[in-house]
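Report on one structure; see the data block that follows.
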Amino acid sequence: MTSKRRKSTLKPALDTDTAFSQRLMHWFDRARRDLPWRRTRDPWAIWVSEVMLQQTRVEAVRAAFERFVARYPTPESFANASDDALMLAWKGLGYYRRARLLRDGARVVVRDHRGAVPQDADKLAELPGVGAYTRAAVASIAFDLRIAAVDGNVERVLARHLALRDDVDAAVGKRAIRAAADERLDHDRPGDHNQAMMELGATVCTPQSPRCDQCPLAADCRGLAQGIVMTLPRKKPPRAPTLVKARVAVVRQAGGVLALRIPDGEPNAGQWELPGPGALVSVEENEFSARTRSRCRAGIEVGPVLAEVRHAITHHKITVVAHAGALRSRNAGSLRAQEPTDPDVPWTTISRKVFAAMHESESD
DNA sequence: AAAACGGGGGT
DNA sequence: ACCCCAGTTTT
C-alpha cells in the first residue's frame, strides 16, 4: 500500500483537518455514552445540562438533570422559581451560585426573547451565566451552529496534540488553543464534534494517565511524539492558600439548632449556616460574641468545642471550630431554629460537615 | 490529608 | 490581567 499522505502543499490544512475530524467522529460514534441530555435537542435542556456538567461528574448529573427538567421544563418555569425551590432543585450539585445565574439567564430569556432560548450565538453570550464555553456548547449542540467549544478537556487535548508549550491561561496560549479548535471543527457535525472532543478529554486524554494507545488522534499527536504529554497543558502555578480559622456556635432550640440565612452578597447567599462571624473570617474565641452579634443580631456565648472540620474554597483553607453555644439576647435576631437532618433545609456544606463530625463523636 | 480540577463574572 | 466565587474526586 502506498501512503495516502499527500506531499502537495496546496491544501494541507484542509487535508489534515478532515482526517482529524473523521478519526474523531469515527471514535465518538463508537464510544459515545447514552446520556439523557444527548436524547434531546431542546436548547433549554441542553443549557441546563451544560451548566450542571461544568461542576459535576456525569454520573451525578444524570439523576439531577432528569429531575430538574421534569420540574422546570422551560426557561419561564425556572425564572419563576423561588430561592428555596432553586436550592432544592440544585441539591447535591453544589455551586449554587451557578443555579442563580441560570435563573438570571432564564429571566432574560423570558423578558427579551419571549421565553425561547435565542438561536443566535451573540444573543446567547449576552445571557447571564453564559460565557464563551456555554455559548458554544448550546449553539452547536442545540442549533448546529459552527462554533468550537473549548472547556478544560478540549484545552488539554489540543495542547497535547499541538505540543503547545505556552501557558494555556495566558493570552498567547489561549489564542493558540482557540485557533486550533476553530481549525479542527467539523462543519458538518459541530455539536457532535464538540461533544467528542470533550468526551475524548474526559475518558482517553485524561490529566493523569492518558490512554494514548486508545486515542484516535495519536497518529499525529505532537505531544506524544515528543514525549511531553504528561507535562501538558502548562499552567501557571496556583497561588498559596490563605489559612482561616472560623468558628460557629451550635445552639439547640425547639428541636433543632439556631441558623442564619446567609445574606445576599455573601458567598453561599440564601443557604443556611450555623451562627458565627462567617466562614471566611478568622476569630479567636473571645471575639466570637461581638463579631456574631453584628451579623446575626443576636447575642451568643460560646462554650466547649464540639467538633472541628476542614473545608477548602478557592485559595482558602478553612478550619471550622464548632462550639456549644447559648443564646444570651432577649430574642434570636436574624436566627431561626432549623432541623439539621431536614433534607429541605439548604445547609451549607460546612454546616453539614459539622453535623456529621458531631454525630461521629457522639457515637464513639 | 493534599492535590487536582474549571467556567463565569467583575474590576 | 487580575481576583473572586465554590465544591467533588483522585492520589
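Between the P atom of B/dG7 and the CE atom of A/M52 lies a distance of 17 Å, rounded to the nearest Å.
The residue among A/A171 and A/S209 whose nearest nucleotide of DNA chain C lies closer to the 5′ end is A/A171. Judged by closest nucleotide on DNA chain B, A/R310 is the one of A/R310 and A/G131 placed further toward the 5' end. Each of A/Y95 and A/G129 was assigned the nucleotide of DNA chain B with the nearest heavy atom; the assignment lying further toward the 5' end belongs to A/Y95.
Comparing the same atom, P, in B/dC5 and in C/dC5 gives a spacing of 22 Å after rounding to whole Å.
In this model, the phosphate group of C/dG7 is not approached by any side-chain N or O of A/T56 to a distance below 4.0 Å at OP1 or OP2. Between C/dC3 and A/H315, no contact under 4.0 Å exists linking OP1 or OP2 to a side-chain N or O. Distances shorter than 4.0 Å separate some side-chain N or O of A/N268 from OP1 or OP2 on C/dG7. Contact check, A/Q271 against C/dG7: a side-chain N or O comes under 4.0 Å of OP1 or OP2. An OP1 or OP2 oxygen of C/dG7 is reached within less than 4.0 angstrom by no side-chain nitrogen or oxygen of A/Q54.
Heavy atoms from other residues, nucleotides or ligands lying under 6.0 Å from CZ of A/R222 number 12 at most. Heavy-atom contacts from other residues, nucleotides or ligands closer than 6.0 Å to NE2 of A/H26 number 12 or fewer. Surrounding CZ of A/R38 are more than 12 heavy atoms belonging to other residues, nucleotides or ligands, all under 6.0 Å away.
Looking at the side chain of A/T349, the nearest of the listed nucleotides C/dT8, B/dA4, B/dG7 is C/dT8. The nucleotide whose nearest atom lies closest to any side-chain atom of A/H311 is, among B/dC5, C/dG7, C/dC5, C/dG7. The side chain of A/L101 has B/dG9 as its nearest neighbour among B/dG9, C/dG7, B/dG7. Of the candidates B/dC5, C/dC5, C/dT9, the closest approach to any side-chain atom of A/R57 belongs to C/dT9.
Contact annotation: side chain of A/Y133 to base of B/dG7, donor-acceptor pair absent below 3.5 Å. With hydrogens and angles ignored, no donor-acceptor pair under 3.5 angstrom links the side chain of A/R98 to the base of B/dG8.
Residue A/V130 is classed as a sugar-phosphate contact, given heavy-atom separations below 4.0 Å to backbone atoms only. Counting any heavy atom pair closer than 4.0 Å across all strands shown, A/E155 reaches no nucleic acid atom.
Side-chain contact between A/V130 and A/W47 is present, with at least one heavy-atom pair separated by less than 4.5 Å. Contact check for A/M52 versus A/W37: no side-chain heavy atoms found under the 4.5 Å cut-off.
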